[in-house]
Amino acid sequence: DRSRGIAVGAYGAYYATGDGGRTWTARKIVPGDRHFNAILRIDRARGEAEPRLMIVGEEGTILVSDDGGREWRKVASPYKGSLFGAVVARDGAVVAFGLRGRIYRSMDGGESWTQIDNASNATLMGGSRFPEGSIALAGAAGTVLVSRADARSFVPLATGSTRVFSKAIPDGRDAALLLGEGGGREVRMPTAPPEGAG
């Protein structure tokens, strides 16, 4: 929020601020030094004191906090490889992704996961939810996957590139800005998924 924030990174780096980022305090929240690759906020039902926070990282690390980051606990991971990011879908599902194109979806805040089919094994590096609700995941070998079905399925987006994309972010109506090797590249988002897909 406007006062509190958390930053995570390599070798278990964890920093918290309570004054809008003017000062930061380092903490060790779990033993070891696995990389923390992303942190996200999962809105809870009304009446919950705090949103759930989730960290994903190296070797399938998934940590959750239900008290604003004061305490963290490890939850069972569906994958032993690294998870590089996560996005909250329009319906509240959490979508985690990472090495070898693995994509997982959770409807209970990360307590249990279902693997989502993906024909590509290109590593997925970053993801975004777009204003109209679609989700785009970007990664190695020019890969961009798009879902308009709350991440229950994805379809590949033609990018005309084999370079690594680290993120796909909204860039106006029906467009995405792909960030990565070689800078930025704008692509048009599909206006509608093929029948029965994405």
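To the nearest 0.5 Å, atom CD1 of residue I62 and atom OH of residue Y79 are 12.0 Å apart. Interatomic distance, R129 CZ to S134 OG, rounded to the nearest 0.5 Å: 10.0 Å. To the nearest 0.5 angstrom, L53 atom CG is 10.0 Å from R70 atom CZ. The distance from the CG atom of D33 to the NZ atom of K28 is 6.0 Å, given to the nearest 0.5 Å. The distance from atom OG1 of T143 to atom CG of L124, rounded to the nearest 0.5 Å, is 7.0 Å. The distance from the CD1 atom of I116 to the CG atom of L137 is 10.5 Å, given to the nearest 0.5 Å.
In the hydrophobic clustering (ILVMFWY side chains linked at under 4.5 Å, chained through shared members), I169 is joined by L177, L179.
Using a distance-only test at 3.5 Å, with no hydrogens or angles considered, a donor-acceptor pair links the side chain of S65 to the main chain of E71. At distances below 3.5 Å, at least one donor-acceptor pair connects side-chain atoms of T17 with backbone N or O atoms of T23. In terms of modelled atom types and a separation under 3.5 Å, the side chain of R185 and the main chain of T159 share a donor-acceptor contact. Checked by atom type and distance alone, the side chain of K167 never pairs as donor or acceptor with a backbone atom of L178 at under 3.5 Å. For the pair N37 (side chain) and L83 (backbone), a donor-acceptor distance under 3.5 Å is present. In this structure a side-chain-to-backbone donor-acceptor pair under 3.5 Å is present from S147 to S153.
A donor-acceptor pair shorter than 3.5 Å cannot be found between the side chains of D1 and S3. Judged by distance alone, the side chains of S120 and N118 never bring a donor and an acceptor atom under 3.5 Å apart.
Using a 4.0 Å cut-off between charged side-chain N and carboxylate O, E111 and R73 make a salt bridge.
The side-chain heavy atoms of V87 and L40, taken from C-beta on, include no pair separated by under 4.5 Å. Side-chain contact check for T123 versus F97: every heavy-atom pair is 4.5 Å or farther apart. At least one side-chain heavy atom of M54 sits under 4.5 Å from a side-chain heavy atom of V94. Side-chain atoms of V187 and V144, non-hydrogen and from C-beta on, never get closer than 4.5 Å to each other.
No single ILVMFWY cluster, assembled from side-chain heavy atoms under 4.5 Å apart, contains both I103 and F84. Hydrophobic clustering (side-chain heavy atoms under 4.5 Å, transitive across Ile, Leu, Val, Met, Phe, Trp, Tyr) groups Y14 together with V30. A single hydrophobic cluster is seen to contain both W113 and V56, as judged by linkage of ILVMFWY side chains at heavy-atom distances under 4.5 Å, directly or through other members. Cluster annotation: I39 is not connected to Y15 through the hydrophobic network of ILVMFWY side chains, with a link wherever side-chain heavy atoms come within less than 4.5 Å. The same ILVMFWY cluster, assembled from side-chain heavy atoms under 4.5 Å apart, contains both I6 and I55.
G85 approaches A38 most closely through the heavy-atom pair CA-CB, 3.9 Å. The two residues F36 and V8 have their closest heavy-atom pair at CB-CB, 3.7 Å. Contact record, R188 with L157: O-CD1, 3.6 Å, taken as the closest heavy-atom pair. Here the closest heavy-atom approach between residue R27 and residue I29 is recorded as NH2-CG2, 3.7 Å. In terms of heavy atoms, S106 sits closest to S112 at OG-O, 2.8 Å. Shown here for L145 and P156, the closest heavy-atom pair between the two residues is CD2-CA, 3.9 Å.
E186 CD: more than 12 foreign heavy atoms inside a 6.0 Å radius. Counting non-hydrogen atoms of other residues, nucleotides and ligands closer than 6.0 Å to CG of D117 gives a total of 12 or fewer.
Sorted by first then second residue, the salt bridge (charged side-chain N to carboxylate O under 4.0 Å, His left out) pairs that include residues 130-146, not counting sequence neighbours, are E132-R148. Applying the salt bridge (charged side-chain N to carboxylate O under 4.0 Å, His left out) test to every pair with at least one member in residues 78-96, sequence neighbours left out, gives these pairs: R90-D150, D91-R105, D91-R152.
The residue from D108, D66, D67 that alone fulfils the salt bridge (charged side-chain N to carboxylate O under 4.0 Å, His left out) condition with R52 is D66.
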